[in-house]
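Structure first, then comments.
These numbers were taken from a predicted model, which means no experiment stands behind them. Read the numbers this way: they start at 1 and go in the same order the structure lists the ligands and their atoms.
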Amino acid sequence: MKLFLDTADIDEIREGASLGVVDGVTTNPSLIAKTGRTLEEVAREICEIVDGPLSLEVISAEADGMIEEARSLAAIHKNVVVKIPMIREGLKALNVISQEGIRVNVTLIFSPLQALLAAKNGAAYVSPFVGRLDDIATDGMNLVAEIIEVFDAYGFDTEVLVASVRHPMHILQAAQLGADVVTIPLKVLEQMLKHPLTDIGLEKFMADWRKSQG
Ligand code: G3P
């Protein structure tokens, strides 16, 4: 399973990358806006820290504008993956740019049929938003299971990139389902690695060692 960081915060990306388990980064307009910097500035800095796929989202709502933006975003760096929302105009734009060799992450996926359409048009990734479904009392991980079932049935190469992850259980369930990627906030990555019994056990080892040293 690939782990991407879901942030545009450079300090968080540096910290996550230092752990050695980060394979890429995803951003969205909200995350970029929080930085107070231009998308290009942030993108170039991220590419210097993490040598893996970096998702940058278009702003345009029309296919022509999305296509123009996608070409510009892809030109920033070889690692850039263009994020396009799963709307009618986004499907039209995907149909064009996926044939130009630009990798596309189709985002804001909330149904397996949306994922199917994106895969048919050559998306490199689909991003089902599990947390936002959980937030409205709908089983977000069930969407991931349905997408994987459909993709496996037809042998689509499109990767399932589980997004809107709220806690480590989302990661475990995604891994058990065989999702290709999860994109997670740094806080959730830190929750992944921590266990209270590990901390308690290490403290006991150190205390016993200190006692033995007088
Ligand atoms: O960046 C895409 C997605 O992971 C954002 O999810 O629900 O935490 O805003 P959310």
query: Which atoms of ligand 1 have any heavy atom of Lys83 under 4.0 Å away?
result: 1 (O), 2 (C)
task: Identify, by atom number and element, the atoms of ligand 1 in contact range of Arg132, meaning under 4.0 Å from any of its heavy atoms.
output: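 That gives atoms 7 (O), 9 (O), 10 (P) of ligand 1.
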message: salt bridge (charged side-chain N to carboxylate O under 4.0 Å, His left out) for Glu45 and Arg14? Distances and angles first, verdict last.
response: CA-CA 10 Å; Glu45 200 162 349; Arg14 285 195 201 285; 3.5 Å; yes
- request: Please assess Lys187 against Glu190 for the test salt bridge (charged side-chain N to carboxylate O under 4.0 Å, His left out), listing each intermediate value before the final yes or no.
  value: CA-CA 5 Å; Lys187 174 173 70 72; Glu190 289 167 341; over 6 Å; no
query: Is Glu57 touching ligand 1 with its side chain, its backbone, both, or neither, if touching means heavy atoms under 4.0 Å apart?
result: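 Under 4.0 Å from ligand 1, Glu57 contributes no heavy atoms.
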field: Lys2 side-chain N/O to Val182 backbone N/O, donor-acceptor pair under 3.5 Å
entry: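 Not a single qualifying donor-acceptor pair exists.
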message: Donor-acceptor pair, distance only, cut-off 3.5 Å: does the side chain of Ser98 make one with the backbone of Leu94?
response: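 Checked: pair present.
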field: Any Asp6 heavy atom less than 4.0 Å to ligand 1
entry: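 Right, Asp6 reaches ligand 1.
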query: Quick one: nearest non-hydrogen protein atom to atom 6 (O) of ligand 1, plus distance?
result: Ser164 CA, 3.3 Å
query: What residue and atom, counting heavy atoms only, is the protein's closest point to atom 8 (O) of ligand 1, and at what distance?
result: Arg166 NH1, 3.1 Å
message: Looking only at the side chains, is there a donor atom on one of Arg210 and Ser212 sitting less than 3.5 Å from an acceptor on the other?
response: no
- request: Consider every N or O of Asn28 and every N or O of ligand 1, then say whether any pair is closer than 3.5 Å.
  value: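 N/O-N/O distance below 3.5 Å exists for this pair.
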- request: Apply the test side-chain hydrogen bond (donor to acceptor under 3.5 Å, both in side chains) to residues Thr183 and Thr26: give CA-CA distance (whole Å), side-chain angles for both, the deciding distance (0.1 Å), then the verdict.
  value: CA-CA 7 Å; Thr183 192; Thr26 56; 2.5 Å; yes
